[in-house]
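Since the structure comes first, as structure tokens, the remarks are kept for the end.
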There are 2 protein chains.
Amino acid sequence: MAKLPDDVPDCMVFLLAKAYQKAHANFKKQLIPYGLTNLQHLVLEGLWYKQGMTAAQLGNFLILDKATLSGVLERMVKAGWVEKKPDDKDKRLLSIHTSNKADDLKKDLIKERQTANEEILKNFSIEEKILFKRFLADVISCE
Amino acid sequence: MAKLPDDVPDCMVFLLAKAYQKAHANFKKQLIPYGLTNLQHLVLEGLWYKQGMTAAQLGNFLILDKATLSGVLERMVKAGWVEKKPDDKDKRLLSIHTSNKADDLKKDLIKERQTANEEILKNFSIEEKILFKRFLADVISCE
DNA sequence: TCTATATAGTTCGTATACGAAGGAGTTTAA
DNA sequence: TTAAACTCCTTCGTATACGAACTATATAGA
């Protein structure tokens, strides 16, 4: 990953893709011991933020396509990370909950994310960290 | 894409993923009329930078896994965007070249990328643009 | 109340990603 | 020179992504 052409392309599409690619790959390695993928970890964090969200709410919260979410939830149910509870009032809804297996690892898993974030920003000053996050949030929320 | 929780997560892994997701989705729409995917466009830009690279060189240059590259090149050959030329001296090598079909669209396709980049950075000042790119390049090249 | 519309999830098809293993060709070293 | 080590590329398996079509359910409005 270290050897970019000397003039790292002056292209935001490329820079964002490769910065994400690297952060994703590093975090992926950290999660291997847990048997979790990055996306599955994200789903758990989302549910710990607000337990019992429906699949639609979760997708909205985490900016995930419903088709993508449907697949990952199926695998997470099979692996025992989450449970789907049908709603009595509205039979279309599925309320998603983390399992005990997941909750037991909550502290460790959140710690892993913090470690990953520190690793990404280890060479940045406090001011730069704040600015960087603001820039990214602006890109995401723009329009 | 606009409705993040008010406190956009203070998590770099998430911010990088979603900023990339948005940039990728926007550029994807721009490329639909050409029948090109984002990755296929990237491959063409790589070859225009240095025509005739081997698959390995191209993957190294664009930071692409060889397995990913093998698949996309196969589809691009099939669609007539690139050609593979075996090397006479080293029979393991495949020299990749853009087709006339691709070269005819070169100006337009490069313009599309520029438009996409401008869109991403439209709300940033000159100083912020430079800083943002430096931050991303630092993340990519770190270590 | 009954139909048009809208929403929640699933499923399908295609295209990345990428670890792992494999086949073919090349280099290195004893 | 020849076997071990390397390199290039392909193939396979699994997991995202996401547009599109589909089923089931709910709600709005005539």
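We name chains A, B, ... by the order of the sequence lines, and we start the count at 1 in each one.
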Just by distance, do the side chain of Asn117(A) and the backbone of Met12(B) share a donor-acceptor pair under 3.5 Å? yes
Give a yes or no on whether the backbone of Lys66(A) and the side-chain of Ser70(A) come within a donor-acceptor separation of less than 3.5 Å. no
Sugar-phosphate atoms are those with a prime plus P, OP1 and OP2; base atoms are the rest. Using that split, label each nucleotide of nucleotides 12-18 of chain D B, S or - for protein heavy atoms under 4.0 Å, 5' to 3'. ---SSBB
Atom pair distance, as rounded to whole Å: CE in Met76(A) and P in dT10(C): 14 Å
Quick one: Leu69(A) CG to dT10(C) P, roughly how many Å, whole number? 9 Å
State yes or no: are the ring centers of Phe27(A) and His41(A) separated by less than 6.0 Å? yes
Would you say the side-chain atoms of Lys22(B) pair up with the backbone N or O of Cys142(A), donor to acceptor, closer than 3.5 Å? yes
Going by number, which of residues 87-94 of chain A have a non-hydrogen atom under 4.0 Å from DNA chain D? Lys89(A), Asp90(A), Lys91(A), Arg92(A)
Give a yes or no answer on whether the side chain of Lys101(B) reaches the backbone of Ala79(B) with a donor-acceptor pair at less than 3.5 Å. yes
As a test of understanding, state which of Lys106(A), Gln51(A), Glu83(A) forms a side chain to side chain donor-acceptor pair (under 3.5 Å) with Thr98(A). Gln51(A)
Cationic N near anionic O, under 4.0 Å, Lys89(A) to Asp87(A): no
Under 4.0 Å from OP1 or OP2 of dT10(D): is there any side-chain N or O of Lys84(B) that close? yes
